[in-house]
There are 2 protein chains.
Amino acid sequence: MAETLTTTALTLKDIARQAGVSLATVDRVLHNRPGVRPDTVRRVKEAIERNSFQPHVAAAELARGRARRFAFVMPSGPNPFMQQIQDYLGEMSGWLSARRLGVETVATDVFDPSVLAASLEGLSDGYDGIAVVALDHPGVRAAIDDLVDAGAKVVTLVSDVPSSRRHHYVGIDNIAAGRTAGALVGRLVGQKSGKVAIVAGSQGLRDHAERIFGFNQVMASEFPGLSVLPVLEGRDEDARSEQLLSRLLGRHADIVGLYNVGAGTQGVANALSDAGRDKQVVFVGHDVTALTRRLLLQGVMHAAISQNPGHEARAAVRVLLALARGEPILREQEKIRIDIVMRDNLP
Amino acid sequence: MAETLTTTALTLKDIARQAGVSLATVDRVLHNRPGVRPDTVRRVKEAIERNSFQPHVAAAELARGRARRFAFVMPSGPNPFMQQIQDYLGEMSGWLSARRLGVETVATDVFDPSVLAASLEGLSDGYDGIAVVALDHPGVRAAIDDLVDAGAKVVTLVSDVPSSRRHHYVGIDNIAAGRTAGALVGRLVGQKSGKVAIVAGSQGLRDHAERIFGFNQVMASEFPGLSVLPVLEGRDEDARSEQLLSRLLGRHADIVGLYNVGAGTQGVANALSDAGRDKQVVFVGHDVTALTRRLLLQGVMHAAISQNPGHEARAAVRVLLALARGEPILREQEKIRIDIVMRDNLP
DNA sequence: GGTGTTTTGAGGTACGCAACTCATTTTGAG
DNA sequence: CTCAAAATGAGTTGCGTACCTCAAAACACC
């Protein structure tokens with residue numbers, strides 16, 4: 001009736017006794033210190049394995065005695081999503097200080113590769129871990145690899161640099177996000193056929209390009225009745241997005257769906273309402289902000305694809321901590337899900 | 001450019017010095033031990049406040065030196081969702097043993113109030129915390145309150161007993177879940193009008209009743225073209241669900257939507273395909289299991305409302321641990337979201 | 001001023017591990 | 001067999017807190 005999952009109460013001393021060696025030797029094996037015969041290493045590891053021994057994290061943390069410092073390298077400028085991540089980091093301050101973790105944010109122009117790379121370069125001394133919203137660029141990749149070589153733990157946040165040697169990526173699969181947006185637009189449009197518009201920041205941004213790719217994939221294969229118009233590049237600016245979309249709406253009376261890939265949401269909404277076609281055009285966008293929340297409640301926006309900023313903030317900290325401690329990462333826990341948010345499941 | 005969130009490195013000794021008292025007195029204040037003059041208490045608390053001092057959790061945990069034991073009281077019987085929660089608990093074993101936490105599952109008939117209450121009664125000695133999938137019944141409520149009185153920390157899991165004095169509920173808002181299901185069915189059906197069927201386990205189950213309530217709310221207020229048929233009670237059994245639904249499909253040719261509130265999913269799917277109306281009827285259900293995953297991929301099921309079992313397992317453990325340690329709970333982190341899962345964002 | 005009570009200080013021990021030193025034993029090469 | 005190198009044992013210290021004891025000081029009351 002009762003099934004026990006864990007009953008460990010062993011200490012290093014027990015392992016030493018079982019392996020027939022001293023505490024010092026166990027310590028050497030556990031921390032890969034030199035000076036132990038291969039055969040002895042094996043015996044110790046077997047004893048650890050046999051008892052599925054885990055060092056007590058609290059004791060280890062206390063003995064190590066070093067406060068850890070993490071840096072979060074974030075875009076300067078008023079990006080609401082990034083601001084939310086920082087807000088959630090602030091909410092963790094009690095949790096952090098109880099663990100003697102220092103977290104600092106470094107604002108920088110992440111869109112300029114050389115500036116970003118320069119910001120990263122200085123960080124390896126002084127920080128045990130770095131989370132960075134990274135642009136995928138050779139210079140940035142080199143800077144990340146340098147940090148890793150210098151012994152720092154590095155995770156990319158929101159936007160990945162897969163070719164680098166970063167230890168982990170905390171963020172969503174943007175192709176899947178685009179596919180999800182496509183499926184939503186297609187199914188919410190229903191039987192009707194017509195045209196679908198896409199407004200993006202820029203196709204040069206990796207995450208935007210991937211989302212568009214996924215979106216087109218689904219539209220092409222599953223919704224033959226819908227034809228996708230060329231992508232409008234609004235640079236994530238309201239004014240420009242509004243202008244471009246207004247013109248497009250004027251030219252095409254049969255637009256039934258709209259995918260807003262990045263920011264500039266207010267501009268997109270304005271264009272729709274100026275044309276008197278809000279609530280008629282199925283409108284799917286990204287992220288839950290004060291604005292998208294209002295648009296969802298009003299029925300102007302039909303769904304938002306969202307990555308939970310609180311989860312991303314906490315996952316980044318937890319992953320950096322686990323990496324620094326040499327603990328395993330709970331991949332399932334740290335995986336960022338693609339949330340579909342509609343009016344009734346607004347968080 | 002760099003903003004620091006935390007820089008604590010103070011210890012109790014520093015607080016003692018600042019307050020002009022000894023370590024022993026600080027300790028007395030911190031743990032509400034008697035024998036300290038009110039004025040002195042104030043001075044110490046001020047020093048703690050002034051430095052926003054937090055005891056080092058690792059040190060506290062080590063000094064306390066007690067291994068903690070938690071019990072998970074789960075339904076016996078082959079419920080795939082509950083099984084997933086237990087699987088995820090198993091995946092945490094490393095994490096748990098590194099913190100000297102023992103987690104045991106207790107299988108019981110949670111649908112029989114007296115049996116459940118009896119199972120709970122014995123648990124207060126031996127366990128520091130209890131997570132329970134609870135039926136909302138006076139006897140169960142009393143048992144929970146007894147546990148709380150005996151000093152144990154109690155969280156309800158998946159299904160709540162709001163009238164009890166449980167410390168926390170880990171699960172979703174089922175009314176909102178039902179509303180979400182309603183919005184999905186309504187919007188995915190599109191322009192068409194017709195009838196909508198509901199298959200539930202039983203309307204006597206609190207979570208099912210709440211979901212139906214939310215569903216009906218949305219249907220009534222937003223989709224006047226759709227009329228909801230009386231609820232079929234399939235008792236979460238495949239055979240019964242199939243039989244009831246088959247009969248209903250036979251009688252109503254104009255069913256365009258279907259909401260499956262609980263389990264019995266295979267039966268529901270069979271009824272649809274036997275009638276040759278799968279993929280035509282918009283089918284929304286709950287939870288991501290091997291079966292619903294397949295049905296989503298096949299296009300038979302259009303969307304699943306899901307509560308992440310891994311998240312629930314981990315949140316329950318974390319909440320119990322925080323409660324036992326007297327740490328604050330990160331509410332945002334422990335809140336279970338209502339996930340909308342479609343084919344393209346399948347986790 | 002003496003009594004009894006309350007409050008405070010001082011100090012110790014323990015928790016489990018990391019990190020280190022130094023002495024001793026074992027091993028392998030010549 | 002000898003000797004240096006390698007491997008191992010034994011031990012210490014410290015991390016920051018919890019929890020405990022005992023003595024000293026401060027206080028209240030008559």
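Here the structure is a predicted model, which means the values were calculated and not measured. In what follows, chains are A, B, ... by sequence order, proteins preceding strands, each numbered from 1.
- In this entry dT21(D) has dA10(C) as its Watson-Crick or G-U wobble partner, both defining distances falling under 3.5 Å.
- The residue Ala24(A) sits close to a base: some heavy atom pair falls under 4.0 Å.
- Computed from coordinates, the Arg43(A) CZ to dG9(D) P distance equals 8 Å when rounded to whole Å.
- The separation between Leu12(A) atom CG and dG11(D) atom C1' is 16 Å, rounded to whole Å.
- Residue Thr25(B) has its side chain nearest to dT8(C) when only dA18(D), dC17(C), dT8(C) are considered.
- Rounded to an integer number of Å, the gap from Arg66(B) CZ to dG16(C) P is 14 Å.
- The side chain of Arg28(B) approaches dT8(C) more closely than any other nucleotide in the set dG16(D), dA19(C), dT8(C).
- Between the base of dG16(C) and the side chain of Arg100(B) there is no donor-acceptor pair shorter than 3.5 Å.
- Between Ile15(B) and Ile48(B), the shortest heavy-atom contact is CG2-CG1, 3.8 Å.
- Side chain of His137(A) to backbone of Gly139(A): a donor-acceptor contact under 3.5 angstrom is found.
- Mapped onto DNA chain C by nearest heavy atom, Ser22(B) and Arg33(A) fall at different nucleotides, with Ser22(B) at the one closer to the 5' end.
- Arg325(A) places its CZ atom 19 Å from the P atom of dC15(D), with the value rounded to the nearest Å.
- As rounded to whole Å, 14 Å separates atom C1' of dG16(C) from atom CD1 of Ile48(A).
- Nucleotide dT21(D) holds its P atom 13 Å from the CG atom of Asp27(B), rounded to whole Å.
- At distances below 3.5 Å, not a single donor-acceptor pair connects side-chain atoms of Gln307(B) with backbone N or O atoms of Glu312(B).
- Remark: Arg37(A) is in phosphate contact with dT8(D), judged by side-chain N or O atoms under 4.0 Å from OP1 or OP2.
- The only option from Arg325(A), Arg100(A), Arg99(A), Arg66(A) that meets the side-chain contact (heavy atoms from CB on, under 4.5 Å) definition with Glu61(A) turns out to be Arg325(A).
- For Thr40(B), a side-chain nitrogen or oxygen approaches OP1 or OP2 of dT8(C) to under 4.0 Å.
- Contact annotation: His56(B) side-chain N/O to dC15(D) OP1/OP2 distance is not under 4.0 Å.
- Put simply, NZ on Lys13(A) is 13 Å from P on dT12(D), counting in whole angstrom units.
- No donor-acceptor contact under 3.5 Å links the side chain of Arg64(A) to the base of dG14(D).
- Separating the CZ atom of Arg99(A) from the C1' atom of dG16(D) is a distance of 15 Å, rounded to the nearest angstrom.
- In this structure, the separation between CH2 on Trp95(A) and CZ on Arg318(A) is 7.5 Å, given to the nearest 0.5 Å.
- Positionally, the nearest nucleotide of DNA chain C for Val21(B) lies more toward the 5' end than for the other of Val21(B) and Leu62(B).
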